[in-house]
Participant: 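Starting off with a structure, shown below.
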Amino acid sequence: MKSIPEFLKRKAAGVPITMVTCYEAATAKILNETSVDALLVGDSCAMVVHGFESTLQATLEMIEAHTAATRRGAPDKVIIADMPFLSYRGSRDGSIQAVARLMRAGANAVKVERCRGNTELISDLVEAGVPVMGHLGMTPQSVNEFGGFKMQAKGDAEAQTLLDEALELEEAGCFSIVLECIPGQVGEKVTDALAIPTIGIGSGPDVSGQVLVLNDLLGMDATFSPPFARRYMDADQMISRAVEGYCEDVRESEYPKEGEYRP
Ligand code: KIV
């Protein structure tokens with residue numbers, strides 16, 4: 001996938017969209033050579049890169065720097081940058097300036113969590129030529145309102161609200177919506193009701209595509225593995241083995257050897 005309009009075409013063609021998070025240039029360079037459709041510079045960087053307990057600590061400066069680094073590593077990929085906590089809830093001008101910084105850093109689009117209070121800004125951005133991805137369900141910036149990282153839209157009324165909000169986001173001009181941690185049946189119902197694609201995470205198979213936090217997919221942290229995040233490797237063990245191998249070689253004078261230094 002080379003551009004944002006292809007999201008809509010993918011849904012129409014029934015071809016699943018693939019997205020992973022990315023935060024820096026070295027990984028972006030690897031991902032640039034894969035078939036993954038889009039990279040999300042998520043505010044999850046606050047947790048997986050910076051070690052905070054939630055995404056509330058992500059700042060505009062953080063996302064801007066991670067977006068620029070990701071763009072330098074992945075010149076050919078569609079990149080979506082997350083609008084950090086409250087960066088789009090102050091003045092209209094302040095929100096627009098925040099978006100401008102992320103787009104200038106190399107994003108092709110921005111992602112905004114929740115619907116209520118955001119549709120006017122989303123319409124303005126879309127009118128100004130900035131593609132916007134919505135995000136509903138277990139929106140991590142609302143962790144305090146939810147009382148933890150908990151599945152959302154489990155009851156009928158909540159599911160109906162989510163559906164109504166998805167339709168509002170579509171009406172406001174979003175080109176796609178992330179659905180995070182909602183029951184599979186709700187994901188399917190929302191996806192069927194929309195013309196734009198839904199990208200699921202922990203929301204079952206009946207959506208238009210999937211997104212995973214790259215660190216979860218790679219198995220970087222043995223202490224954190226949500227049930228929906230399939231591990232495709234155990235990077236924690238592999239990195240640990242590699243570093244132990246290096247330490248052992250240094251301690252036993254096995255490194256460096258001839259050819260690995262200039263006599
Ligand atoms: O910040 C992030 O990584 C996200 C994904 C989990 C969708 O928003």
Side-chain angles (χ1 to χ4, degrees), residues 7 16-24 27-28 31 36-67 69-70 74 77-88 98 102 105 107-115 118 122 131-143 146 148-153 162 166 169 174-182 187 190-191 196-204 207-218 220-221 224-231:
F7 272 76
I17 297 163
T18 56
M19 184 160 84
V20 292
T21 63
C22 185
Y23 316 106
E24 42 79 35
T27 310
L31 296 176
V36 73
D37 292 314
L39 306 182
L40 172 67
V41 182
D43 58 358
S44 52
C45 66
M47 299 173 78
V48 298
V49 179
H50 296 269
F52 290 111
E53 289 294 314
S54 81
T55 61
L56 305 194
Q57 284 77 14
T59 62
L60 187 60
E61 289 68 27
M62 241 185 227
I63 306 279
E64 186 181 30
H66 288 303
T67 300
T70 299
K77 289 293 179 192
V78 168
I79 295 177
I80 297 133
D82 238 341
M83 292 298 293
F85 181 53
L86 297 185
S87 65
Y88 46 96
L102 298 185
N108 301 105
V110 294
K111 177 164 79 58
V112 171
E113 287 192 11
R114 295 173 68 121
C115 171
N118 292 335
I122 291 171
V132 181
M133 177 178 266
H135 188 164
L136 295 173
M138 204 294 294
T139 43
Q141 291 173 14
S142 313
V143 63
F146 298 152
F149 296 103
K150 295 176 181 165
M151 176 167 277
Q152 299 297 306
L162 192 138
L169 289 179
C174 284
F175 69 92
S176 72
I177 302 176
V178 168
L179 298 177
E180 182 161 353
C181 290
I182 59 172
V190 172
T191 303
I196 58 172
T198 55
I199 313 291
I201 173 163
S203 299
V207 286
S208 322
Q210 299 286 336
V211 56
L212 275 182
V213 170
L214 189 69
N215 295 50
D216 296 343
L217 178 165
L218 299 179
M220 291 286 283
D221 183 356
F224 181 75
S225 68
F228 59 79
R230 186 179 296 175
R231 272 176 166 235

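Read the numbers this way: they start at 1 and go in the same order the structure lists the ligands and their atoms. Computed from heavy atoms alone, side chains included, the values below leave out hydrogens, waters and symmetry copies.
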Participant: Test your reading of the model: is there a side-chain donor-acceptor pair from S203 to the backbone of I182, 3.5 Å cut-off?
Facilitator: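 Checked: pair present.
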Participant: Between L40 and ligand 1, find which residue part has any heavy-atom pair under 4.0 Å and reply side chain, backbone, both or neither.
Facilitator: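 For L40, only side-chain atoms sit under 4.0 Å from ligand 1.
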Participant: Any sub-3.5 Å donor-acceptor pair from T55's side-chain atoms to S44's backbone N or O?
Facilitator: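 Side chain of T55 to backbone of S44: no pair is present.
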Participant: Taking atom CE as the centre, does M151 end up with more than 12 heavy-atom neighbours from other residues, nucleotides or ligands that are less than 6.0 angstrom away?
Facilitator: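 More than 12 within 6.0 Å, yes.
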Participant: Tell me yes or no: between the side chains of S225 and R231, is some donor less than 3.5 Å from an acceptor?
Facilitator: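 No pair is found: no donor N or O on one side chain lies under 3.5 Å from an acceptor on the other.
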Participant: At what distance is the nearest protein heavy atom to atom 8 (O) of ligand 1, and which residue and atom is it?
Facilitator: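 The closest heavy atom on the protein side is K111 NZ, 3.0 Å.
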Participant: Kindly say whether G202 contributes a backbone atom to a donor-acceptor pair with the side chain of Q210 at under 3.5 angstrom?
Facilitator: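 Checked: no pair found.
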Participant: Got an N/O contact under 3.5 Å between D43 and ligand 1?
Facilitator: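 Looking only at distances, the answer is yes, because the N/O contact criterion of under 3.5 Å is met.
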Participant: Please identify which atoms of ligand 1 are closer than 4.0 Å to at least one heavy atom of I201.
Facilitator: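 Here the atoms of ligand 1 in question are 6 (C).
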Participant: Quick one: look up the protein heavy atom nearest atom 3 (O) of ligand 1 and list residue, atom name and how far away it is.
Facilitator: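 Checked against all protein heavy atoms, atom 3 (O) of ligand 1 sits closest to S44 OG, 2.5 Å.
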Participant: Is M19 in contact with ligand 1, taking contact as a heavy-atom separation below 4.0 Å?
Facilitator: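 It does not, in that no heavy atom of M19 comes within the 4.0 Å cut-off of ligand 1.
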Participant: Where the side chain of H135 meets the backbone of E113, is there a donor-acceptor pair that is under 3.5 Å apart?
Facilitator: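 Not confirmed, H135 side chain does not pair with E113 backbone.
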Participant: Counting only nitrogen or oxygen atoms and a 3.5 angstrom limit, does E180 reach ligand 1?
Facilitator: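 No, there is no polar N/O contact under 3.5 Å.
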Participant: Which of the numbered atoms in ligand 1 are below 4.0 angstrom from a heavy atom of T21?
Facilitator: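 Atoms satisfying the 4.0 Å criterion: 3 (O).
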Participant: If the cut-off is 4.0 Å to any non-hydrogen atom of G42, which atoms of ligand 1 fall inside it?
Facilitator: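 So the atoms of ligand 1 that pass are 1 (O), 2 (C), 3 (O).
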Participant: Report yes or no: does D216 contribute a side-chain atom to a donor-acceptor pair with the main-chain N or O of L212 at less than 3.5 Å?
Facilitator: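 Absent.
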Participant: Y23 to ligand 1: N or O pair under 3.5 Å?
Facilitator: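 Checking ligand 1 against Y23, no N or O pair falls under 3.5 Å apart.
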